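Counting starts at 1 for both ligands and their atoms, in listed order. These numbers come from a predicted model, not from an experiment.
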Amino acid sequence: MRMYDLIIKKRNGLSLTKEEIEFMVNGFTQGEIPDYQMSAMMMAVYFQGMDEEETLFLTLAMEHSGEVLDLSGIEGIKVDKHSTGGVGDKTSLALIPMTAACGLKVAKMSGRGLGHTGGTIDKLESFPGFTTEISTERFLKNVRENGISIMGQTKELAPADKKLYALRDVTATVDNMSLIASSIMSKKLAAGADAIVLDVKTGSGAFMKKEEDAFLLGQEMVKIGKNAGKETIAVISDMDQPLGAAVGNILEVKEAIATLNGEGPKDFETLCLTLGSHMLVAGKAAPDVQTAQEMLKETIQNKKALEKLAQFVRSQGGDDSYVYEPEKFPQASIFEAVPSPQDGYIKKIHCEEIGNCSLVLGGGRETKESNIDLTVGLVFQKKKGDYVKKGETIALIHGNDRKKTDTAKKRFLNAIAFSEQKPEETPLIKGIVKV
Ligand code: URA
């Protein structure tokens, strides 16, 4: 088999076989197929597409390019959750303890934040001592005993995807549904869960800016999951404004804790209940989504989810007293209110730019090597559809550097649009994709 012939085949619009895709993925991962040939192949895929079978074969080849986690030693149905990323997305911090408190087994691999979206690991490291750099044995033990563990994505997990994504990123071939879906799903499948609930975000703060693209991506991923024999559901959710009120690592952790105390923002709680209910049903911990929602609400009322969070933090070396006394978390030194420049309704919040404000403050990573300031960020007091009077505070910026805080304030105001009329409400949950 020659890579040259496979490039011609795809360029001419023909489908590749399982053997051909495996040859290509394995050869590329081992350095036998050079970057320039793989780049040509990715461009051919970009223009000619891949059918459902090819997309599955590509996913499975990337999944098996490295270690595939074996969760079979843990009793019950293991469920994973994945978000395509957004601003203020602290969902895992509240959702996973809630579902684990209902008896679900959640074994999750998470990443760090890059660019305008934050990462779960960075947020969790707000707890002094907490680490996700744990051995696979400890990870499995924690899931078995507590129903919950989060581990950093290891280098051994789907290495073909890592190499291919880096190439796509510099050859203008990221934007193809089959390639995106197979990239995400190869990592999810390698993480070993039996069922996967995907939160596909859409809007100005999301990877998928257009709603129809988010649905297409959701469908592609659900099809891959089903074809790979895993129960997979995609929830399409709004990211046209930040989720909840807080953006920034410690600020988001505190908001997640408040939510587990029943004092969280409504939109955030709704998203947790929606995703959580599908997780419980997929994991056979609840008979239907209505019952599941009631069970999840109960974990907030009886504080079982909060206790689960504390147990989880403790089990990974963190100081769990912060769960009960969040005022112990360090704070930024500058608090800068952003006053509204006019009377009116908040019509639009350019969500990606809000993520960039947090980045400017030092709360995000510009490159993989950047250090982040866990204390900075911003907390919204008014959101889309709210009426504000001139001078009224829209958000409070938490900063540690005067110049950065001033820049963030300027950029924040440029990211907000006003109207005289109340804007139409946008639903948080846009749809559920199942096959
Ligand atoms: N995220 C991924 O993991 N892969 C893609 O291709 C795009 C976004």
List the closest protein heavy-atom neighbour of [atom]: residue, atom name, distance to the nearest 0.1 Å.
atom                   : answer
atom 4 (N) of ligand 1 : Ser183 OG, 2.6 Å
atom 1 (N) of ligand 1 : Ile184 CG1, 4.0 Å
atom 8 (C) of ligand 1 : Phe207 CE2, 3.7 Å

If you measure from CE on Met109 to CZ on Phe139, what distance do you get to the nearest 0.5 Å?
->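 These two atoms lie 5.5 Å from each other.
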Any idea how Phe380 and Phe412 line up, ring-wise: parallel (<30°), tilted (30 to 60°), or perpendicular (>60°)?
-> tilted
Relative to the heavy atoms of Lys187, which atoms of ligand 1 are at a distance of less than 4.0 Å?
->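 Checking each atom against Lys187, I get 2 (C), 3 (O).
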Contacting atoms of ligand 1, where contact means under 4.0 angstrom from a heavy atom of Arg168 | 6 (O)
Is Tyr165 in polar range of ligand 1, meaning some N or O pair under 3.5 Å apart?
-> no
Regarding Ser92 and Lys81, is there a side-chain donor-to-acceptor distance under 3.5 Å anywhere?
->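 Side-chain D/A pair, Ser92 to Lys81: present.
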Between Gln316 and Ser149, is any side-chain donor less than 3.5 angstrom from a side-chain acceptor?
->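 Indeed, the side chains of Gln316 and Ser149 share at least one donor-acceptor pair under 3.5 Å.
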Pairing of Lys18 and Glu22 as salt bridge, 4.0 angstrom limit = yes
